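These numbers come from a predicted model, not from an experiment. Protein chains get the first letters and strands the later ones, always in sequence-line order, with residue 1 at the start of each.
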Amino acid sequence: MWLSEVMLQQTTVAAVQSYFTRFTSRWPTVADLAAADDGEVMAAWAGLGYYARARNLLACAREVARRGAFPQTEAALRELPGLGAYTAAAVAAIAFGARAVVVDANVERVVARLFAIGEPLPGARKAIRAAADAITPDSGAGDFAQAMMDLGATVCTARQARCLICPLAHLCRARASGAPEAYPVKAARAARPERAGRAFWIAREGPDGGREVWLVRRPGRGMLGGMRALPDDGWSARGDGSGAAPLALDWQALGQVRHGFTHFQLALAVCGATIGAGNPAGEGEWWPMDRIGEAGLPTLFARAALLGTTLVTPRNEASGENNGRECA
DNA sequence: CATCCGTGGAC
DNA sequence: TGTCCAAGGAT
């Protein structure tokens with residue numbers, strides 16, 4: 001319940017399913033998860049996004065293991081890492097039968113429509129919560145919450161209100177207004193700025209003769225924090241792609257990956273080179289290319305790695321018109 | 001309260 | 001194709 005709620009934060013059921021199965025079979029209990037290796041958990045989360053959730057999941061599992069059990073009140077749950085207002089209320093109501101006001105994006109939308117709350121988000125949150133509180137029953141709050149979320153997920157969706165099959169249509173003021181999809185009102189969002197950066201595919205022939213690539217681990221906070229990655233020029237902090245390469249090599253342009261994040265669009269140039277002996281500066285590890293899929297790279301770097309595998313020989317034949325330009 | 005944090009699917 | 005969207009949380 002706790003694991004599924006965390007995975008489902010801002011993430012669709014379809015995206016979560018296989019991850020949920022994998023996590024529960026590999027770490028069946030909270031104690032198993034608490035004892036897990038950080039890197040293995042982060043790798044298992046790779047591709048699901050919002051990686052702070054995985055870091056908080058581990059911290060939460062360890063806190064719960066230390067206590068011996070989950071706390072059972074909403075307020076105490078709220079203190080656990082990764083459990084905010086929504087998740088604490090959902091777990092308290094659904095798992096522990098408490099009366100809690102559960103407000104996720106579905107409930108927010110359904111309530112805004114039921115009461116035709118015209119104030120734009122996020123300012124309307126207070127009024128929406130008050131309205132949700134007013135209609136939450138004293139017993140069965142968990143079932144009520146799930147019913148509201150199901151209604152929002154399957155009937156009263158963002159793009160289509162489907163009032164003809166809605167059991168609450170006769171109560172709904174937004175429907176009475178004739179334009180239910182106009183609710184909730186949202187403030188206009190700013191355009192996503194464009195950022196550029198470079199990532200570096202450093203290859204070598206490993207001790208066993210197989211090809212290997214140099215991978216690093218990103219810092220524990222910030223963009224893709226705690227995840228294994230290709231070395232890069234610091235685009236996540238600088239954003240201008242003008243940072244230096246990790247070392248001087250005969251870099252070749254392998255292509256570009258465009259990737260949309262929540263608040264900016266990234267154009268990542270992928271530069272490749274082979275290294276004869278020694279290691280690049282800094283912390284990292286040589287990873288066998290034929291097992292790159294098991295490295296637990298977040299999607300951005302998994303896509304960059306796809307380009308990296310096109311770097312075949314120490315020096316591609318001269319045809320490459322990009323040689324030595326983008327990646328010099 | 002605003003900003004930061006991923007990703008893939010729907011339209 | 002670009003835009004919007006999803007069972008939010010931390011700072």
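Residue A/Arg192 places its CZ atom among more than 12 non-hydrogen atoms of other residues, nucleotides or ligands, all under 6.0 Å distant.
Taking atom CG on A/Leu57 and atom P on C/dA7, their separation rounds to 20 Å, with Å as the unit. Rounding to whole angstrom units, CD of residue A/Gln160 and P of C/dC4 are separated by 18 Å. The interatomic distance linking A/Phe20 (CZ) with C/dA7 (C1') rounds to 13 Å, in whole Å.
OP1 or OP2 of C/dC5 sits under 4.0 Å from a side-chain N or O of A/Arg189. Residue A/Arg221 places no side-chain N or O under 4.0 Å from the OP1 or OP2 atom of B/dC4.
In the set C/dA6, C/dG9, C/dT11, the nucleotide with an atom closest to the side chain of A/Arg109 is C/dA6.
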Under 4.0 Å protein heavy-atom contact, by nucleotide of nucleotides 5-10 of chain B - B base, S sugar-phosphate only: BBBS-B
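Screening A/Ile135, A/Val110, A/Ile128 for a side chain to side chain contact (heavy atoms under 4.5 Å, CB included) with A/Phe115, the sole residue that qualifies is A/Ile135.
Geometrically, A/Arg26 does not engage A/Trp45 in a cation-pi contact, judged by NZ or CZ lying under 6.0 Å from the ring centre and within 45° of the ring axis.
Within 4.0 Å of A/Thr87, counting heavy atoms only, lie sugar-phosphate atoms of the nucleic acid but no base atom.
Rounded to the nearest Å, the gap between the P atom of B/dC11 and that of C/dA7 is 15 Å.
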